[in-house]
Amino acid sequence: MDAGPNILIMTPVTAEKDAVCRGLQNNPRFHVAEAGVGPAEAAVRTTLALARGSYDLVICMGIAGGFPGRAAVGSLVIADAIIAADLGAETPDGFSSLDTLGFGSSAIEAGAQASALAAALAQAGLAAALAPILTLSTVTGTAATAQVLSERFPRAAAEAMEGFGVATAAQSFGIPVLEIRAISNAIGPRDRSAWRIGEALQALEAAGSTLLEVLV
């Protein structure tokens with residue numbers, strides 16, 4: 001009898017981990033660990049977790065900012081691509097990514113389960129978009145930066161700080177990776193009074209429950 005996949009879930013901080021664990025109902029096929037904040041720490045912690053265990057899939061889960069008109073507060077975004085949006089070089093002609101520079105790629109394609117997961121979330125009555133998610137070391141805090149990112153990545157729906165680090169670690173082990181984000185705020189001018197973290201954590205918990213139906 002097939003025992004099913006073993007899945008590693010990396011969340012940035014404890015509040016996100018707790019929300020995911022509530023949704024998963026302590027299912028033994030999921031190991032949930034904290035990645036820390038930022039792509040570097042996330043890559044290191046994910047690598048250590050993968051070196052200590054045997055996993056079939058890695059998922060980065062947490063809250064994020066959403067691009068207005070693409071991902072509303074309280075909704076979910078499932079990455080079809082995980083992009084290091086600020087990894088590259090400034091040039092007189094604008095930003096050049098690693099791909100343009102010829103130093104590799106700043107995008108990692110999400111695992112094949114992404115589309116099925118997005119469909120399952122929608123079927124469960126949750127607002128969910130399948131779109132690129134950006135990883136940045138410095139999150140956006142101005143309308144000008146939000147506009148630049150929106151123009152450079154016209155399909156991107158969310159930004160966060162850990163996805164590309166988690167994905168890079170998974171890729172180095174040859175393991176497929178997903179990123180799931182619940183939107184807590186609109187990308188743009190930094191206004192903490194407008195953040196809806198509780199609402200985003202509830203959506204993250206609901207996403208965890210849906211993972212039980214799709215991935216086990």
Expected output: side-chain E16 to main-chain V13 donor-acceptor under 3.5 Å: yes
Where A169 and L50 come nearest, the two heavy atoms and their spacing: O-CD1, 3.8 Å
Within one Ile-Leu-Val-Met-Phe-Trp-Tyr cluster: L126 and M61, side-chain cutoff 4.5 Å: yes
Heavy-atom closest pair, residues I180 and A207: CG2-CB, 4.2 Å
Within residues 112-140 or reaching into it, pairs that qualify as side-chain hydrogen bond (donor to acceptor under 3.5 Å, both in side chains) - sequence neighbours excluded: T140-E159
Qualifying side-chain hydrogen bond (donor to acceptor under 3.5 Å, both in side chains) pairs with a residue from residues 164-180, counting only residues at least two apart or across chains: E179-R181
Linked, directly or transitively: L211 and V20 (ILVMFWY side chains, under 4.5 Å): yes
Distance-minimising heavy-atom pair for D80 and P132: OD1-N, 3.1 Å
Pairwise salt bridge (charged side-chain N to carboxylate O under 4.0 Å, His left out) hits with a residue in residues 89-101, at least two apart: none
Derivation of the side-chain contact (heavy atoms from CB on, under 4.5 Å) call for V177 and L57: CA-CA 6 Å; V177 63; L57 177 67; 5.8 Å; no
For the student: nearest non-hydrogen atoms of L136 and A85, plus distance: CG-CB, 4.1 Å
Nearest heavy-atom neighbours spanning E34 and P12: CB-O, 4.1 Å
Donor-acceptor contact present, side-chain S150 to main-chain A146, <3.5 Å: no
Expected output: side-chain N6 to main-chain D56 donor-acceptor under 3.5 Å: no
Common cluster, L121/L130, ILVMFWY with side-chain heavy-atom separation under 4.5 Å: yes
V214 reachable from I59 in the ILVMFWY side-chain graph, under 4.5 Å edges: yes
For V44, all residues meeting side-chain contact (heavy atoms from CB on, under 4.5 Å), sequence neighbours excluded: L48
Donor-acceptor pair, side chain of T210 and main chain of A206, under 3.5 angstrom: yes
Pairs touching residues 35-54 that satisfy salt bridge (charged side-chain N to carboxylate O under 4.0 Å, His left out), sequence neighbours left out: E41-R45
Connected hydrophobic set around V148, excluding itself, where side chains approach under 4.5 Å: none
Residues F67, V77; criterion side-chain contact (heavy atoms from CB on, under 4.5 Å); working and verdict: CA-CA 11 Å; F67 282 100; V77 179; over 6 Å; no
Exam field: side chain S75 to backbone A72, donor-acceptor pair closer than 3.5 Å: yes
Contact summary for A203 and A182, nearest pair of heavy atoms: CB-CB, 4.0 Å
